[in-house]
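Worksheet for the structure shown next.
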Number of protein chains: 2
Amino acid sequence: MTLEQTDLQRTEIFKVLSDINRLRIIRVLHHAQREMTCGEIGEKLNISKSTVSYHFKMLRQVGLTNTRRASQSKYLSLNDQTFNDFLPGFLDSL
Amino acid sequence: MTLEQTDLQRTEIFKVLSDINRLRIIRVLHHAQREMTCGEIGEKLNISKSTVSYHFKMLRQVGLTNTRRASQSKYLSLNDQTFNDFLPGFLDSL
DNA sequence: TCGATTGTTTTATAACATTAGAACTAATAG
DNA sequence: CTATTAGTTCTAATGTTATAAAACAATCGA
């Protein structure tokens with residue numbers, strides 16, 4: 001992994017974290033300490049389901065979250081590994 | 001300081017860090033361990049002076065850098081305090 | 001199978017970000 | 001005062017991002 005590649009990965013992660021709604025999603029998940037669904041988070045944060053789906057995708061694409069399908073629902077959880085690798089201590093500061 | 005205000009401050013900082021050129025500027029400054037001028041950094045990173053000036057402004061606005069005028073030149077340095085407050089350990093990971 | 005539930009993708013739109021050239025401002029040296 | 005140096009702001013072009021409604025897809029219960 002070159003320096004430049006790591007830089008690009010870093011900027012991608014920062015880009016994902018630079019949106020207030022995605023930060024809210026992360027906080028909600030962190031404080032809940034459990035998986036949550038798209039609908040559940042959308043309702044809590046008052047955003048449309050398509051918008052939540054869009055943000056979920058971005059979070060997943062940079063490895064900040066994991067997803068698990070179960071029946072109709074899709075459960076989201078934080079990927080602690082990525083947070084620890086790139087932003088040690090960040091989650092606990094939320 | 002409310003949670004929401006801190007969130008906005010955080011997303012602003014992440015936004016500033018989500019650009020590859022600004023990340024490069026930070027790395028160059030960190031490794032140089034000294035102040036550097038706009039022209040010096042622009043030359044090193046091969047970006048126009050107006051673009052460097054634009055990025056300098058963003059960095060300063062969120063408190064990631066300090067500036068000092070001396071004669072015609074303007075010297076930039078990292079504000080370790082802000083990095084430590086919001087991203088402890090980040091600079092050393094660069 | 002049908003209808004309900006849940007989430008995704010498409011589409012359109014509006015807002016914002018990045019870039020560099022040109023014009024401008026500030027400081028200094030001669 | 002004038003020319004030079006260093007940086008800023010304006011402008012226009014180009015590209016990116018966030019949003020939600022609408023259409024679509026997948027799953028499940030009856």
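To find a chain, count down the sequence lines: A is the first, B the second, and so on, and within it residues start at 1.
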Selection: residues 36-43 of chain B, any non-hydrogen atom under 4.0 Å of DNA chain D: B:Thr37, B:Cys38, B:Gly39

Shortest side-chain distance from A:Ser50, nucleotide among C:dA20, D:dT19, D:dA22: D:dA22

Presence of B:Thr51 side-chain N/O under 4.0 Å of C:dT19 phosphate oxygens OP1/OP2: no

Heavy-atom protein contacts under 4.0 Å, nucleotides 23-30 of chain D, coded B base, S sugar-phosphate only, - none: ----BS--

Nearest-angstrom distance from the residue atom CE of A:Met58 to C1' of D:dT19: 13 Å

Side-chain N,O (B:His55) to OP1/OP2 (C:dT19) below 4.0 Å: yes

Sugar-phosphate only, base, or nothing, as touched by B:Phe56 at under 4.0 Å among non-hydrogen atoms: nothing

Among D:dG7, C:dA17, C:dT8, the nucleotide that comes nearest once only the side chain of A:Lys74 is considered: C:dT8

Qualifying ring-ring contact (aromatic ring centres under 6.0 Å, His included) pairs, either residue in residues 75-94 of chain B, two or more places apart: A:Phe14-B:Phe90

Positions of residues 9-24 of chain B (non-hydrogen atom under 4.0 Å from DNA chain C), listed by number: B:Lys15, B:Asp19, B:Asn21, B:Arg22

Sugar-phosphate, base or nothing in reach of A:Ser73, heavy atoms under 4.0 Å: sugar-phosphate

All side-chain contact (heavy atoms from CB on, under 4.5 Å) counterparts of B:Thr2, not counting sequence neighbours: B:Glu4, B:Gln5

N/O (side chain, A:Ser48) to phosphate O (OP1/OP2, D:dA20) under 4.0 Å: yes

Pair listing, salt bridge (charged side-chain N to carboxylate O under 4.0 Å, His left out) test, anchored in residues 28-44 of chain B, at least two apart: B:Arg34-B:Glu40, B:Glu35-B:Arg68

